[in-house]
Number of protein chains: 2
Amino acid sequence: MKSETILEQAALHCESRGRKLTAKRRQVLAGLVKSQKALSAYDLADYCRDKLGTSLLPTSVYRILEFLESLGLVHRLNTANKYVACAHVTCDGANEIPQFLICQSCGSVKEIGITKSFVQGLSQAVEKVGFHLANNQLELECLCADCVVQQGGVQ
Amino acid sequence: MKSETILEQAALHCESRGRKLTAKRRQVLAGLVKSQKALSAYDLADYCRDKLGTSLLPTSVYRILEFLESLGLVHRLNTANKYVACAHVTCDGANEIPQFLICQSCGSVKEIGITKSFVQGLSQAVEKVGFHLANNQLELECLCADCVVQQGGVQ
DNA sequence: TTGACGAATGATACAATGTAACATTTTTTT
DNA sequence: AAAAAAATGTTACATTGTATCATTCGTCAA
Ligand SMILES: [Zn+2]
Ligand SMILES: [Zn+2]
Ligand SMILES: [Zn+2]
Ligand SMILES: [Zn+2]
């Protein structure tokens, strides 16, 4: 999908919530959308400086990421300390609980929708030992197809 | 289980691999075992200074944690940037792939053994979208029973 | 006993990630 | 135009992590 289309959809998504996708916010989101992988806040600050020639301090990037995340436009990957554009910006309703497959070799991320029954099973297993599942987002350390090949196949 | 017992078992575990549980390593492991929760490397350096009166620099703590992890005596929690003592030090064989339930409120951690069939299902789902599961360790954001009560029950 | 060697730890410096607090600018509303 | 709210800038600092070299400690052989 064309990144311009995604950004337009994101802008509409913001409007519909009474928020604005400002120029800076659009820059950050565009950086994530175009890179197709997970980036740190500092990566994104560098991106704005190097590729766009605009200055954007890391503190601002953090604020903007927080904003984008609150609207479900990006996700924070806790295991990687990085952020990715939501893969479902354009298919509005599908904005459910995400699972992330993160390639440990190249950083590419696949966001897959969660299976309801799978989460239920997980949640029940957790309750059984006296805990309560507070966040259904899963992050799985993976290798993408390309990197599996490069590293000599699956063992 | 008494922490002295655990430390003795850990020492034996090291010996059986031709490694040594030195005084410093024992201090770090003891800190994790006694605290019953996840601690950062800097937390552990503070622990050694404040509670034991011994000096142990963070760089050394990192090295020691790396050592302990290589022997399966501690685990690193990637979502929290913290470390926990393995709950299965004393039941040697049970040292399988762990799942961690991490209370987001108090930091207590429950390490549960993984269900083989669960992992298989997960692994297959991942393969289906062209990725390969590289690490079975799951970390789940939870609330422990105590903290659920304190925070007014489950929503 | 001593010297050599490797393992373990100390020490210094720095990189990367993240947050708090306050100032300034921009936009919107009145 | 003035006031209020939203967005961004700026500074300072806290936390987590790594790289590199120096020193100490334990072991073993000459
Ligand atoms: Zn998403
Ligand atoms: Zn890859
Ligand atoms: Zn364990
Ligand atoms: Zn708790």
Side-chain angles (χ1 to χ4, degrees), chain A residues 10-11 14-15 17-32 37-50 52-71 73-84 102 104 107 139, chain B residues 10-11 14-15 17-32 37-50 52-71 73-84 102 104 107 139:
Chain A
C14 289
E15 297 289 345
R17 306 274 216 94
R19 314 302 303 274
K20 295 248 168 73
L21 190 65
T22 65
K24 301 281 188 184
R25 286 168 178 170
R26 180 185 279 258
Q27 284 171 23
V28 170
L29 183 56
L32 286 176
K37 52 180 236 180
L39 298 176
S40 74
Y42 285 80
D43 292 338
L44 285 162
D46 292 346
Y47 166 81
C48 289
R49 181 170 31 73
D50 299 342
L52 307 180
T54 65
S55 135
L56 193 55
L57 294 173
T59 46
S60 295
V61 176
Y62 275 109
R63 256 187 312 230
I64 288 172
L65 288 170
E66 198 177 349
F67 168 85
L68 294 173
E69 193 180 23
S70 76
L71 288 173
L73 295 173
V74 310
H75 299 288
R76 175 181 157 79
L77 302 179
N78 294 310
T79 52
N81 296 331
K82 293 189 191 322
Y83 299 80
V84 286
I102 308 166
Q104 298 296 293
E139 302 175 23
Chain B
C14 290
E15 298 287 346
R17 306 273 216 96
R19 313 302 304 272
K20 295 246 169 77
L21 190 67
T22 64
K24 301 282 188 182
R25 288 170 177 170
R26 179 185 281 256
Q27 284 172 22
V28 170
L29 182 56
L32 286 176
K37 54 180 233 179
L39 298 176
S40 75
Y42 285 80
D43 290 339
L44 285 162
D46 292 346
Y47 167 81
C48 289
R49 180 169 34 72
D50 299 342
L52 307 179
T54 65
S55 136
L56 192 54
L57 295 173
T59 47
S60 296
V61 177
Y62 275 109
R63 258 188 310 233
I64 287 171
L65 288 169
E66 197 176 349
F67 168 85
L68 294 172
E69 193 180 23
S70 75
L71 288 173
L73 295 172
V74 311
H75 299 288
R76 175 181 158 77
L77 302 180
N78 294 311
T79 52
N81 297 330
K82 292 190 191 319
Y83 300 80
V84 285
I102 308 167
Q104 299 295 294
E139 301 175 25

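Note on naming: letters A, B, ... go to the chains in the order of the sequence lines (proteins, then strands), and numbering restarts at 1 for each one. The basis for the numbers below is simple: all heavy atoms, side chains too, and nothing from hydrogens, waters or symmetry mates.
At least one test fails for A/Arg19 against the ring of A/Phe67: distance under 6.0 Å to the centre or angle within 45° of the axis.
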query = What one-letter contact string describes nucleotides 4-20 of chain C from 5' to 3', where B marks a base within less than 4.0 Å of any protein heavy atom, S marks contact via sugar-phosphate atoms alone, and - marks no contact?
reply = ----SBBBB----BBBB
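Residues A/Leu68 and A/Leu32 fail the side-chain proximity criterion, which asks for heavy atoms closer than 4.5 Å. Under the 4.5 Å side-chain criterion, counting only non-hydrogen atoms from C-beta, B/Lys20 is not in contact with B/Cys14. Annotation: side chain of A/Glu139 is in contact with side chain of A/Asn78 (closest heavy-atom distance under 4.5 Å).
Residues satisfying the salt bridge (charged side-chain N to carboxylate O under 4.0 Å, His left out) criterion with B/Arg26, sequence neighbours excluded, are B/Glu4, B/Glu8.
Just one residue in the list B/Asp43, B/Leu57, B/Leu56, B/Val61 forms a side-chain contact (heavy atoms from CB on, under 4.5 Å) with B/Cys48, and that residue is B/Leu56.
The span of DNA chain D lying next to chain B, judged by atoms under 4.0 Å from heavy atoms, is bounded 5' to 3' by D/dT16 to D/dT27.
Taking a 6.0 Å sphere around NZ of A/Lys24, one finds it holds more than 12 heavy atoms contributed by other residues, nucleotides or ligands.
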